[in-house]
Peer 1: 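Just passing along the structure, written as structure tokens.
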Amino acid sequence: MGCGECGGRVRKAETEAVCEDCGLVLSEDAIERGPEWRSLDEDADRRRTGAPLTASRHDRGLSTEIGFGTGSEVSGKRQRQLVRMRRQHNRARLESKAERNKLYAHTEIRRLVSVMSLPTSVRDQSCSLFSSAQSEDLLCGRSLEGFAAAAVYATCRTQSIARTMDEVVDVARASKEELKTAYDALNRDLGLPVGPISPTEYLPRYASDLGVAAEVESRAREYAVVLVESGRVAGKNPSGVAAACLYKAADEAGVPIKQRDAADLAAVSRMTVSSTVRDIETVE
DNA sequence: ACGATTATTGCGTTCTT
DNA sequence: AAGAAAACAATAATCGT
């Protein structure tokens with residue numbers, strides 16, 4: 001696939017293939033095969049047919065409308081009938097809209113809770129949280145998927161079940177931005193009872209993933225408490241702090257563990273663990 | 001009152017020992 | 001493999017319109 005003229009690399013643009021070295025246009029394709037519109041959703045498979053899909057609208061923008069233009073004159077009686085039909089059609093649609101939204105969101109919440117192996121109490125609370133958001137009109141202009149994910153994340157926060165936002169995003173059908181805006185709205189307008197996350201909340205799960213002894217975990221817990229009370233971890237990622245405490249505790253217990261392993265577990269960099277470990281040492 | 005811009009600080013990268 | 005430092009990005013605060 002080199003250039004026939006100079007043998008250089010060939011770069012394929014939308015409609016033509018060009019040699020990067022000599023600029024020779026190797027082939028032209030008059031048909032632009034890309035999507036008609038800019039894709040706002042990276043993994044959407046948008047083709048050139050059909051109406052644009054809108055995730056933020058409950059029906060993805062595909063609902064039926066009874067139009068006004070008739071094409072021909074209609075009698076006054078028929079006009080009044082059409083007005084009535086439009087009104088009733090819209091009313092019926094509005095109610096089914098909320099119902100369908102709720103059904104869709106609940107299905108999504110069930111899926112999330114299931115793949116994340118969370119208890120059913122989380123599922124139920126997430127669903128009712130979503131319903132609250134819905135009745136407070138928080139959904140308009142925001143994505144349903146984002147709210148479903150945010151409801152699950154928020155429930156974990158209120159129940160002190162240690163899950164990071166990233167962990168939810170990984171399995172959610174929403175981007176991190178969507179989850180964030182939805183969660184912010186939830187937090188602001190519903191006043192969630194969430195405090196700052198303590199690093200200790202992550203310890204049990206990380207300890208078992210790391211396969212360290214219970215004594216190591218409890219030692220790590222002491223480190224975490226000391227660190228929190230010294231105010232040294234204010235604003236720091238609690239997940240990373242938990243990983244650092246575990247590393248320090250395991251290291252002192254003579255468990256051959258690498259900073260890298262602890263860091264990967266908490267989805268932070270090796271340096272974050274390293275610097276927090278140093279914080280533990282200075283606090284003592 | 002809102003929006004933009006700046007400043008602070010944690011975080012990840014790269015280089016070094 | 002662990003530590004050090006310059007560069008980065010996100011968030012919070014301040015200023016200007």
Side-chain angles (χ1 to χ4, degrees), chain A residues 40-42 56 136-138 140-143 145-147 149-150 152-154 156-158 160 162-172 174-203 205-207 209-213 216-217 219-284:
Chain A
L40 299 171
D41 182 359
E42 289 306 313
S56 58
E136 291 292 319
D137 278 341
L138 264 45
C140 53
R142 308 195 175 101
S143 93
E145 291 86 348
F147 264 96
V152 174
Y153 174 69
C156 288
R157 286 289 297 268
T158 57
S160 299
R163 293 291 182 277
T164 61
M165 209 178 249
D166 285 326
E167 285 177 296
V168 181
V169 169
D170 278 345
V171 294
S175 69
K176 189 164 187 177
E177 287 70 34
E178 287 174 319
L179 171 51
K180 235 177 201 171
T181 53
Y183 177 71
D184 284 346
L186 242 43
N187 216 351
R188 225 174 332 100
D189 298 334
L190 258 46
L192 298 175
V194 287
I197 312 163
S198 166
T200 57
E201 293 174 28
Y202 288 99
L203 285 179
R205 191 156 58 101
Y206 289 171
D209 284 353
L210 223 47
V212 296
V216 173
E217 183 189 330
R219 187 85 186 94
R221 189 170 298 273
E222 288 170 27
Y223 283 137
V225 171
V226 169
L227 226 44
V228 169
E229 285 177 355
S230 75
R232 203 169 277 269
V233 292
K236 288 216 177 114
N237 182 356
S239 159
V241 174
C245 292
L246 270 173
Y247 170 79
K248 176 73 176 157
D251 193 44
E252 286 195 340
V255 180
I257 183 180
K258 276 175 278 185
Q259 291 187 347
R260 181 62 194 268
D261 295 331
D264 285 347
L265 205 60
V268 294
S269 83
R270 182 178 66 80
M271 264 313 296
T272 303
V273 171
S274 180
S275 72
T276 310
V277 166
R278 287 184 34 146
D279 280 347
I280 299 174
E281 284 156 0
T282 55
V283 123
E284 285 175 326

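A, B, ... follow the sequence lines: proteins, then strands. Residue 1 opens every chain. Treat the numbers as computed from the prediction; the structure is a model and nothing was measured.
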Peer 1: Taking only N/O atoms, report every protein-nucleotides 10-14 of chain C pair under 3.5 Å with atom names and distance.
Peer 2:
from   : atom 1 : to       : atom 2 : distance (Å)
C/dT11 : OP1    : A/Lys180 : NZ     : 3.2

Peer 1: Check this one for me: any side-chain N or O of A/Ser274 less than 4.0 Å away from OP1 or OP2 of C/dG3?
Peer 2: yes
Peer 1: Using salt bridge (charged side-chain N to carboxylate O under 4.0 Å, His left out) as the criterion, list what pairs up with A/Lys236, not counting sequence neighbours.
Peer 2: A/Asp279
Peer 1: Going by the ring pair (Phe, Tyr, Trp, His ring centres under 6.0 Å) test, which pairs reach into residues 183-202 of chain A, not counting sequence neighbours?
Peer 2: A/Tyr153-A/Tyr183, A/Tyr202-A/Tyr206
Peer 1: Rounded to the nearest angstrom, tell me the gap between atom CD1 in A/Ile280 and atom P in C/dG3.
Peer 2: 12 Å
Peer 1: Polar atom pairs between nucleotides 1-9 of chain B and protein, under 3.5 Å, N or O only, would you list them?
Peer 2:
none

Peer 1: By side-chain hydrogen bond (donor to acceptor under 3.5 Å, both in side chains), which residues pair with A/Ser269, not counting sequence neighbours?
Peer 2: A/Thr272
Peer 1: List in numerical order all residues of residues 256-264 of chain A for which some heavy atom is under 4.0 Å away from an atom belonging to DNA chain C.
Peer 2: A/Lys258, A/Gln259
Peer 1: So which atom in A/Leu179 and which in A/Met165 form the shortest heavy-atom distance, rounded to 0.1 Å?
Peer 2: CD2-CG, 3.6 Å
Peer 1: Return the residues of residues 189-197 of chain A meeting this criterion: a heavy atom under 4.0 Å from some atom of DNA chain C. Order them by number, or give none.
Peer 2: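 By residue number: none to list.
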Peer 1: For A/Asp166, which residues count as a side-chain hydrogen bond (donor to acceptor under 3.5 Å, both in side chains) partner, sequence neighbours excluded?
Peer 2: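 A/Asp166 satisfies side-chain hydrogen bond (donor to acceptor under 3.5 Å, both in side chains) with A/Lys176 only.
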Peer 1: Do A/Thr282 and A/Arg232 make a side-chain contact, defined as non-hydrogen atoms from C-beta onward lying under 4.5 Å apart?
Peer 2: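 The answer is yes, as the side chains (C-beta and beyond) meet within the 4.5 Å cut-off.
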Peer 1: Would you please name every residue forming a side-chain hydrogen bond (donor to acceptor under 3.5 Å, both in side chains) with A/Ser198, sequence neighbours left out?
Peer 2: A/Thr200
Peer 1: Take A/Leu190 and A/Leu138 through the test side chain to side chain contact (heavy atoms under 4.5 Å, CB included) and record every step on the way to the result.
Peer 2: CA-CA 10 Å; A/Leu190 258 46; A/Leu138 264 45; 4.0 Å; yes
Peer 1: N/O contacts under 3.5 Å, protein versus nucleotides 11-17 of chain B?
Peer 2:
from   : atom 1 : to       : atom 2 : distance (Å)
B/dC11 : OP1    : A/Asn237 : N      : 3.0
B/dG12 : OP2    : A/Ser269 : N      : 3.1
B/dG12 : OP2    : A/Ser269 : OG     : 3.3
B/dG12 : OP2    : A/Thr272 : OG1    : 2.7

Peer 1: With no hydrogens and no angle check, is any side-chain donor or acceptor of A/Ser239 less than 3.5 Å from a backbone partner on A/Ala266?
Peer 2: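 Yes.
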Peer 1: Between A/Val216 and A/Ala253, what is the shortest heavy-atom contact and its length?
Peer 2: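 Smallest interatomic distance, heavy atoms only, reads CG2-CB, 4.0 Å.
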Peer 1: Just verifying a value: how many Å separate A/Asp251 CG and A/Leu246 CG, rounded to the nearest 0.5 Å?
Peer 2: 12.0 Å
Peer 1: If the threshold is 4.0 Å, N to carboxylate O, is there a salt bridge linking A/Arg219 and A/Glu222?
Peer 2: yes
Peer 1: Ignoring hydrogens, what is the shortest heavy-atom contact between A/Ile197 and A/Pro238? Give both atom names and the distance.
Peer 2: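 The pair with the smallest heavy-atom distance is O-CB, 3.7 Å.
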Peer 1: Among all residues two or more places apart in sequence or in another chain, which pass the salt bridge (charged side-chain N to carboxylate O under 4.0 Å, His left out) test with A/Glu167?
Peer 2: A/Arg205
Peer 1: Tell me, which pairs form a salt bridge (charged side-chain N to carboxylate O under 4.0 Å, His left out) where one or both residues lie in residues 257-277 of chain A, sequence neighbours left out?
Peer 2: A/Arg260-A/Asp264
